[in-house]
Protein chains: 2
Amino acid sequence: MLNSMQLTRAADYAVRVMIHLAGLPPGARASRADLAAIAECPEQFLSKVLQSLTHSGLVISHRGNTGGFELPTIHRNASMLEVIEALEGPVRLNVCLGAEDCTHQSGCPARNVWADAQRAMTDILRNASICELARKAERPELVAPLR
Amino acid sequence: MLNSMQLTRAADYAVRVMIHLAGLPPGARASRADLAAIAECPEQFLSKVLQSLTHSGLVISHRGNTGGFELPTIHRNASMLEVIEALEGPVRLNVCLGAEDCTHQSGCPARNVWADAQRAMTDILRNASICELARKAERPELVAPLR
């Protein structure tokens, strides 16, 4: 079951796939089987993730013998937020943030707090570039211990 | 369906119930029916929310004719984060943040980003006191338009 305010497994796999693709030389392709092994994800489940990424244009799918998945140059600087939203749609910490205004008769003073919390979280995900994370993946010494 | 990274309806109702109780004079009680009307929540669903709040000690339940739900003085300064976690357990933006360390063979450079995003979000929810929100609910002119 998905916990409250928790990323789906699909979006987590998508981020890992994108980081791997961003670490390949420009134009290089990876097979679905390779991506499944790297993301430690069942291949059938990864198909759906790759479908969403392809559908959003973040990833290009090539068919045939030399086929595979490629990160187009224009998306090498995609952010973690873009990858998540490609899978899940716009991040909304609370349903009320999707509405024009608070729909409760009495209004709700918590709505501004939800908006602030969402902004603080999405700002960090928007500033995290997949390409930069791929560089860190190649050089684990750049990854600080979890604070 | 619960969206990725979205608060459950139960936790949303819990926050609204707590804000209402914090706006009552100390020692005052509210009935389940009143709370359901104020939170705009089906009474049966609210029962479960009130059970969780009572179980966590954030709310006291009194039985009988003069019964009802009360916010004990020591919890008037509860934060939105405490209310959410009373319903949902610890906030974990990604499952990996519950583990001691990244469990993937290759490590994962995204984990620190998840940790930063979670911290940014929970800091805001931790600093939002229910009591302060109740004061704003009484004086809507204090609530800034959604930024």
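Chain identifiers are assigned alphabetically (A, B, ...) following the order of the sequence lines, protein sequences preceding nucleic acid strands; residue numbering begins at 1 within each chain.
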What residue, out of A11(A), A120(A), A117(A), G89(A), has the most heavy-atom pairs lying under 4.5 Å from chain B?
A117(A)

Beyond-backbone contact of P90(A) with R92(A), side-chain heavy atoms, under 4.5 angstrom
yes

Please list, chain by chain and in numerical order, all residues satisfying side-chain hydrogen bond (donor to acceptor under 3.5 Å, both in side chains) with Q118(B), sequence neighbours excluded.
none

Taking non-hydrogen atoms and a cut-off under 4.5 angstrom, which of residues 51-87 of chain A neighbour chain B?
M80(A), I84(A)

Start with the C-alpha gap between I38(B) and V17(B), add the side-chain angles, then the distance that decides, and say whether side-chain contact (heavy atoms from CB on, under 4.5 Å) holds.
CA-CA 8 Å; I38(B) 281 150; V17(B) 160; over 6 Å; no

Less than 4.5 Å apart, side chain to side chain, heavy atoms only: is that true for V15(A) and W114(B)?
yes

Kindly give the heavy-atom pair with the smallest separation between L93(B) and M5(B), and that separation in Å.
CD1-SD, 3.8 Å

With a 4.5 angstrom heavy-atom cut-off, which part of I19(B) approaches chain A: side chain, backbone, both or neither?
side chain

Restricting to non-hydrogen atoms, name the atom on V95(A) and the atom on R9(B) that form the minimum distance, rounded to 0.1 Å.
CG2-NH1, 2.9 Å

Among all residues two or more places apart in sequence or in another chain, which pass the salt bridge (Lys or Arg N to Asp or Glu O under 4.0 Å) test with D123(A)?
R126(A)

If you count heavy-atom pairs within less than 4.5 Å of chain A, which of A110(B), A39(B), A128(B) leads?
A110(B)

Picking from V91(A), L133(A), N127(A), which has the most non-hydrogen pairs under 4.5 angstrom with chain B?
L133(A)

Going by the ring-ring contact (aromatic ring centres under 6.0 Å, His included) test, which pairs reach into residues 25-54 of chain A, not counting sequence neighbours?
Y13(A)-F45(A)

